[in-house]
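I have placed the structure first, in the form of structure tokens, so that the comments after it can refer back to it.
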Amino acid sequence: MSTRTRTTRSRLLTTAAALLALTAATAAAAAPAGAADCPSGHFCAWTDADFGGQRANWSGDDRWWESWIADEDSSWANHGISGPGIKDHVKVYRSAGLNGGMSICLAPGQEVGSNGTANDDGDSHTWAMSC
């Protein structure tokens, strides 16, 4: 292999490594540290504070939560789609059927690691235009 070929290959590898490092740094900056693991377009609730334990997630309304998450919710994240005319807030209710009053309401992009008032108090939720 000629010196010119080795130099060209070395430059290509150095450039590729630099691009890879830049891409990794950009991806890390795009997702804030400690962000809740909740799919895009979904509302999520966890059984433990700080997004721990089991996670339930929904892309639409649910008027009757499954028994394992009902009255067991301790942290929440709204990763729904936001925009004009879109129901992008999530209202969580204390009873099934959207009854019993709201325990918590999340704005678009909001993540709540714990809330003493809403802890273990959700049974249903709906997407809404505002809180």
Side-chain angles (χ1 to χ4, degrees):
M1 184 179 310
S2 71
T3 303
R4 183 175 176 180
T5 304
R6 274 184 254 162
T7 302
T8 302
R9 182 177 280 171
S10 177
R11 285 183 187 157
L12 285 173
L13 289 173
T14 301
T15 302
L19 286 173
L20 183 60
L22 180 62
T23 302
T26 302
D37 181 21
C38 180
S40 178
H42 287 244
F43 160 63
C44 298
W46 288 262
T47 55
D48 297 337
D50 298 322
F51 318 108
Q54 286 188 287
R55 179 190 80 198
N57 54 282
W58 304 267
S59 60
D61 297 348
D62 191 336
R63 299 175 61 87
W64 193 301
W65 285 4
E66 293 77 10
S67 61
W68 66 269
I69 190 67
D71 294 323
E72 298 293 331
D73 53 322
S74 297
S75 51
W76 311 263
N78 177 356
H79 287 189
I81 306 301
S82 182
I86 296 175
K87 293 181 177 182
D88 55 7
H89 290 67
V90 178
K91 294 179 177 182
V92 177
Y93 289 86
R94 290 185 168 88
S95 298
L98 310 178
N99 292 307
M102 258 192 305
S103 62
I104 194 168
C105 185
L106 287 88
Q110 185 176 6
E111 298 177 346
V112 178
S114 66
N115 178 300
T117 304
N119 187 55
D120 294 339
D121 210 15
D123 276 351
S124 60
H125 75 274
T126 189
W127 293 84
M129 297 299 285
S130 66
C131 286

Under 3.5 Å: donor-acceptor pair, side chain of [X], backbone of [Y]:
X    : Y    : result
D123 : W65  : no
N57  : H42  : no
R94  : M102 : yes
S114 : A49  : no
S124 : L98  : yes

Find out whether [X] and [Y] are in side-chain contact, i.e. whether some heavy atom of one side chain is under 4.5 Å from a heavy atom of the other.
X    : Y    : value
N115 : W76  : yes
S74  : D120 : yes
K91  : C105 : yes

Please name the pair of heavy atoms, one in [X] and one in [Y], separated by the smallest distance, quoted to 0.1 Å.
X   : Y   : value
H79 : A36 : CE1-O, 3.3 Å
G53 : W46 : O-CD1, 4.1 Å
A45 : I69 : O-CD1, 4.0 Å
C44 : R55 : SG-CD, 3.9 Å

Problem set entry | W127 and its side-chain contact (heavy atoms from CB on, under 4.5 Å) partner, picked from N78, I81, I86 |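 For W127, the side-chain contact (heavy atoms from CB on, under 4.5 Å) check succeeds only for N78.
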
For this session: Using salt bridge (charged side-chain N to carboxylate O under 4.0 Å, His left out) as the criterion, list what pairs up with D50, not counting sequence neighbours.
Result: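 Partners of D50 by the salt bridge (charged side-chain N to carboxylate O under 4.0 Å, His left out) criterion come out as none, since no residue qualifies.
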
For this session: Would you check, one step at a time, whether the test side chain to side chain donor-acceptor pair (under 3.5 Å) holds for H89 with Q110?
Result: CA-CA 9 Å; H89 290 67; Q110 185 176 6; over 6 Å; no

Exercise. Would a hydrophobic clustering, with Ile, Leu, Val, Met, Phe, Trp and Tyr connected at side-chain separations under 4.5 Å, put L106 with W58?
Worked result: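 Yes: a chain of side-chain contacts under 4.5 Å links L106 to W58.
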
Exercise. Would D48 and S75 satisfy side chain to side chain donor-acceptor pair (under 3.5 Å), going step by step from the backbone distance to the final call?
Worked result: CA-CA 6 Å; D48 297 337; S75 51; over 6 Å; no

Exercise. What is the ring orientation for F43 with H125, classed by angle as parallel under 30°, tilted 30 to 60°, or perpendicular over 60°?
Worked result: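 It falls in the tilted class, 30° to 60°.
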
